[in-house]
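Here the structure is laid out as structure tokens; the discussion comes afterwards.
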There are 2 protein chains.
Amino acid sequence: MSDLLERLRERGWRLTAQRRVVAEVLDGDHVHYTADEVHARATERLPEISRATVYNTLGELVSLGEVLEVSTDGRAKRYDPNAHHDHQHLVCSRCGTIRDVHLHGDPLSALPEPERFGFQVSEVTVTYRGLCPTCAATS
Amino acid sequence: MSDLLERLRERGWRLTAQRRVVAEVLDGDHVHYTADEVHARATERLPEISRATVYNTLGELVSLGEVLEVSTDGRAKRYDPNAHHDHQHLVCSRCGTIRDVHLHGDPLSALPEPERFGFQVSEVTVTYRGLCPTCAATS
DNA sequence: TCCTACATTGGACATTGTCTAAGTCAAGAA
DNA sequence: TTCTTGACTTAGACAATGTCCAATGTAGGA
């Protein structure tokens with residue numbers, strides 16, 4: 001993650017305690033947190049950090065391409081720090097947990113030209129849904 | 001759409017003016033409306049219909065499998081009446097318009113067994129994103 | 001026609017996200 | 001090192017979307 005901070009500095013980012021903490025939280029686990037979860041965890045290390053700053057910082061990380069924004073259910077967006085590897089998501093339909101997965105082949109090629117309706121298609125996301133082992137065991 | 005009302009009656013639905021109007025709105029165009037857009041259009045035909053009823057009815061249609069809920073951007077969910085045909089979505093990243101598209105092959109097969117992490121995978125959604133012809137022309 | 005369980009209503013409330021004005025501070029300049 | 005300045009942060013108001021509840025209304029069976 002120190003690479004991340006380094007990359008950001010090179011792009012003219014002013015390096016503040018708040019931004020460092022947000023970056024560290026994202027780097028922590030392999031879970032994808034919501035903005036509020038990021039805020040809660042950031043607060044543990046830097047109690048006075050504000051919600052607005054967390055939202056700002058996440059938005060900046062997304063537009064710099066360092067983090068991906070994932071909205072799987074129309075509830076809170078989740079933030080995926082694994083932006084530099086091409087991957088898709090596997091979501092538990094009960095608890096909302098997200099895992100990164102890797103696919104065979106390129107999903108873009110599954111969309112035939114006549115089905116593109118003149119769109120300039122630039123991106124494709126594939127989301128698998130099901131019960132995670134934990135939720136399946138307690139159902 | 002009268003088939004839809006018929007199917008719902010068979011399942012014990014009480015047929016009210018409000019539910020009929022919501023169903024008609026969904027059946028109208030081939031666009032996928034947000035709940036508030038459905039409410040706005042329903043209000044034109046039945047001015048006293050309440051927001052809560054629109055939300056309730058949409059929720060019921062979704063759990064009956066008659067309508068699909070699509071959340072493409074973490075903003076308002078959109079409702080897709082085309083639930084009985086297997087299809088995926090093409091979304092304009094500028095204006096949010098959604099088109100239904102049909103794919104070659106089964107996207108489920110692109111997820112190798114070791115990438116399933118013990119999940120009982122039951123569903124897959126594929127979303128293509130890009131600029132629609134209109135937005136591309138004015139960019 | 002009458003009953004009653006189901007449906008609707010309006011408004012309060014919850015969650016998630018955005019905006020702004022005022023204060024603060026990182027980092028380059030001197 | 002200290003100064004300066006514009007980028008950054010803050011608190012809280014506000015906006016958008018969605019949920020819940022108690023009171024009221026009504027579809028459809030008896």
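Note: hydrogens, waters and symmetry copies are ignored here, and every other heavy atom, side chains too, is used. Reminder, nothing fancy here: chain letters follow the sequence lines and each chain counts from 1. Not measured: the values here are computed from a predicted model.
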| message | Please report the distance, rounded to the nearest Å, between CG in B:L58 and C1' in D:dT19. | response | 14 Å

| By a strict heavy-atom criterion of less than 4.0 Å, which residues belonging to residues 46-54 of chain A are in contact with DNA chain C? | A:R51, A:A52

| said: If only side-chain N and O atoms count, and only distance matters, is there a donor-acceptor pair under 3.5 Å linking B:N82 with B:H32? | reply: no

| request: Please check the phosphate of C:dT18 (OP1 and OP2 only) for any side-chain N or O of A:Y55 closer than 4.0 Å. | output: no

| note | Joining Ile, Leu, Val, Met, Phe, Trp and Tyr whenever any side-chain heavy atoms lie under 4.5 Å apart, the cluster holding B:Y128 also takes in A:L90, A:V101, A:L103, A:L108, A:L111, A:F117, A:F119, A:V121, A:V124, A:V126, A:Y128, B:L90, B:V101, B:L103, B:L108, B:L111, B:F117, B:F119, B:V121, B:V124, B:V126

| remark: Hits for salt bridge (Lys or Arg N to Asp or Glu O under 4.0 Å) against A:R99, two or more places apart or cross-chain, chain-then-number order -> none

| query | Between D:dG18, C:dT9, C:dT16, which one does the side chain of B:A35 approach most closely? | reply | D:dG18

| task | Kindly indicate, with the supporting measurements, whether the criterion ring-ring contact (aromatic ring centres under 6.0 Å, His included) is fulfilled by B:H104 and B:H102. | result | CA-CA 7 Å; B:H104 274 330; B:H102 301 84; over 10 Å; no

| Looking at B:Q18, does any N or O in its side chain come under 4.0 Å of the phosphate oxygens OP1/OP2 on D:dG25? | no

| said: Has A:T53 got a side-chain atom pairing as donor or acceptor with A:I49's backbone, closer than 3.5 angstrom? | reply: no

| said: For B:G105, is there any backbone N or O sitting under 3.5 Å from a side-chain donor or acceptor partner on B:S109? | reply: no

| field | Nearest-Å distance for atom pair NE2/P, residues A:H39 and D:dG12 | value | 13 Å

Between the protein and nucleotides 21-30 of chain C, are there any N/O to N/O pairs under 3.5 Å, and if so, what are the atom names and distances?
| residue | atom | partner | partner atom | Å |
| --- | --- | --- | --- | --- |
| C:dA27 | OP1 | A:L15 | N | 3.1 |

| task | Take atom CZ of B:R19 and atom P of D:dA27, then tell me their distance rounded to the nearest Å. | result | 12 Å

| query | Taking CG from B:L8 and P from C:dC6, how many angstroms apart are they, rounded to a whole number? | reply | 17 Å

| remark: Sorted by chain and number, sequence neighbours left out, salt bridge (Lys or Arg N to Asp or Glu O under 4.0 Å) with B:E66 holds for B:R7, B:R11

| message | Just the rounded figure in Å: distance from P of D:dA27 to CG of B:L5. | response | 15 Å

| request: Could you tell me whether the side chain of A:R19 and the main chain of A:R14 form a donor-acceptor pair under 3.5 Å? | output: yes

| query | Could you state the CG-P distance from A:N56 to C:dC19, rounded to the nearest angstrom? | reply | 10 Å

| query | Taking for each residue the nucleotide of DNA chain D with the nearest heavy atom, is it B:R78 or A:E60 whose nucleotide lies nearer the 5' end? | reply | A:E60

| Pairwise salt bridge (charged side-chain N to carboxylate O under 4.0 Å, His left out) hits with a residue in residues 75-87 of chain A, at least two apart | A:E37-A:R78, A:E69-A:K77

